[in-house]
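Here is the structure we will look at, set down as structure tokens.
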Amino acid sequence: MAPHSFELQYFFDPLCGWCYASAPALAGLAERHGAALRMMPVGLFMQPRPVAAIAEHAWHNDQRIVALTGQRFTEAYRSRVLLAADGVFDSTPLTRALVALGALDTALEPQLLHVAQLARYVDGMDTCTVDAVSRIAADVAASAGHGLDADELAARLRDDRVLAENTARRVAAARQAMPAGGVPQLLLRADGVNQVIAGQDLYTGPQRLLARIASLL
């Protein structure tokens, strides 16, 4: 018998390529079980570093993801983001934007992640910059009927102490709750039992993931 209630905790970082590999599965999960979905940003890449330091490693991983899942990584992304002069790799703006939109509606959180991933990996937009992130987040909010000024949000992403503290708390809670291993991971919590879902169940689209969840409930 299925439990009366359950929770699905999705552990991720907005700049994690393997989290982008799981994007189709997450989209299906949000559509089917959105009320139970909890986005758990772990802050994996919230320590700024030159993008040049990770560019070669990232592109190598990206090609593995293409081979495994068919997800797109374009030359625009490679040239404008990975090879950008003086580019910085930092998921802080996106993580704070996710928390800001979640305060309006938690359903906006997986939407923002998905739109930001496409903006980065397909359109070649540098989603480590506050200005790019604020525009993306404002568009996502507007699509759900929430008025959010991009310039005001940019100022909040830079300087809002409360938003920074709320983000830090979200990240700390996610790190404490995350099972051993890297991201992405999905934790199903039902009837006092935790079940970790990772690997191929996340990388082969929504059908397999939803079937896996159904088998555990």
Side-chain angles (χ1 to χ4, degrees), residues 10-23 26 39-66 71-103 108-142 148-161 163-172 174-175 182-184:
Y10 178 73
F11 299 89
F12 72 101
D13 185 278
L15 297 183
C16 164
W18 288 101
C19 299
Y20 175 52
S22 72
L26 179 63
M39 301 292 284
M40 308 289 283
V42 301
L44 182 63
F45 300 122
M46 288 180 68
Q47 302 78 30
R49 72 198 78 176
V51 72
I54 58 92
E56 184 176 350
H57 175 73
W59 187 248
H60 175 73
N61 271 342
D62 297 340
Q63 301 318 296
R64 291 176 59 201
I65 293 167
V66 171
Q71 289 286 77
R72 293 180 63 201
F73 295 86
T74 66
E75 283 298 323
Y77 154 67
R78 188 181 190 188
S79 62
R80 298 175 194 167
V81 177
L82 289 183
L83 301 180
D86 301 322
V88 175
F89 190 70
D90 180 13
S91 64
T92 301
L94 267 174
T95 306
R96 288 182 179 176
L98 182 130
V99 173
L101 262 61
L108 295 177
E109 296 185 9
Q111 293 177 33
L112 174 61
L113 176 62
H114 181 62
V115 173
Q117 287 169 333
L118 293 178
R120 183 177 185 84
Y121 298 122
V122 178
D123 298 333
M125 184 180 296
D126 186 355
T127 55
C128 295
T129 67
V130 165
D131 289 340
V133 168
S134 63
R135 291 196 301 272
I136 293 169
D139 287 345
V140 170
L148 190 63
D149 182 81
D151 291 336
E152 291 179 3
L153 178 60
R156 292 183 62 203
L157 297 181
R158 290 188 179 97
D159 301 321
D160 189 319
R161 180 178 57 82
L163 178 58
E165 291 173 350
N166 288 343
T167 302
R169 280 194 290 270
R170 281 279 298 271
V171 167
R175 288 178 176 175
V183 292

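By convention here, the first residue in the shown sequence is residue 1. Computed from a prediction, not measured in an experiment: that's the story for all the values here.
A pairwise comparison of heavy atoms in Q117 and P14 identifies CG-O, 4.4 Å as the closest pair. Residues G43 and D13 approach most closely at C-OD2, 3.6 Å, considering heavy atoms. Nearest approach of A164 to R96, heavy atoms of both residues: CB-NH2, 3.6 Å. Across every non-hydrogen atom of L157 and P93, the tightest pair is CD2-O, 3.9 Å. Scanning both residues, A154 and V130, for their nearest heavy atoms gives O-CG1, 3.5 Å. Closest approach of P41 and T95 over heavy atoms only: CB-CG2, 3.9 Å.
Using a cut-off of 4.0 Å between Lys/Arg side-chain N and Asp/Glu carboxylate O, E165 and R161 are scored as salt-bridged.
Taking the salt bridge (Lys or Arg N to Asp or Glu O under 4.0 Å) definition, one finds that R120 meets it with D126, sequence neighbours left out.
A distance of 11.0 Å separates CH2 of W18 from CD of Q71, quoted to the nearest 0.5 Å. Atom CG of D131 and atom CZ of R158 lie 4.5 Å apart (nearest 0.5 Å). One finds the CG atom of L101 at 7.0 Å from the CG atom of L153 (value rounded to the nearest 0.5 Å). Remark: L98 CG to L112 CG distance equals 5.5 Å, nearest 0.5 Å. Atom CZ in R78 sits 5.5 Å away from atom CD in E75 (nearest 0.5 Å). Rounded to the nearest 0.5 Å, atoms NE2 (H60) and CD1 (I54) are 13.5 Å apart.
For the pair F12 and L44, the minimum side-chain heavy-atom distance is 4.5 Å or more. Proximity of L15 to C128: side-chain heavy atoms (C-beta onward) are separated by under 4.5 Å at one or more points. In this structure the side chain of L163 reaches within 4.5 angstrom of the side chain of V99, judged on heavy atoms. Residues F89 and P50 are not in side-chain contact: their nearest non-hydrogen atoms beyond the backbone lie 4.5 Å or more apart.
A donor-acceptor pair is defined here as one N or O able to donate and one able to accept, closer than 3.5 Å; no such pair exists between the side chain of Y121 and the backbone of A116.
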Assess the residue pair L113 and Y10 against the criterion (side chain to side chain contact (heavy atoms under 4.5 Å, CB included)); give the C-alpha distance rounded to whole Å, side-chain angles, the decisive distance to 0.1 Å, and a yes or no.
CA-CA 12 Å; L113 176 62; Y10 178 73; 4.2 Å; yes

Kindly determine whether I136 and M125 satisfy side chain to side chain contact (heavy atoms under 4.5 Å, CB included), including the steps that lead there.
CA-CA 10 Å; I136 293 169; M125 184 180 296; 3.5 Å; yes

Go through the steps to decide whether F73 and I65 satisfy the test side chain to side chain contact (heavy atoms under 4.5 Å, CB included), and finish with yes or no.
CA-CA 9 Å; F73 295 86; I65 293 167; 3.7 Å; yes

Side chain to side chain contact (heavy atoms under 4.5 Å, CB included) assessment of D123 paired with Y77:
CA-CA 7 Å; D123 298 333; Y77 154 67; over 6 Å; no

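Applying the salt bridge (Lys or Arg N to Asp or Glu O under 4.0 Å) test to residues at least two apart or on different chains, none of the pairs has a partner in residues 47-64.
When only modelled atom types and interatomic distance are considered, D90 and T92 share a side-chain donor-acceptor pair under 3.5 Å.
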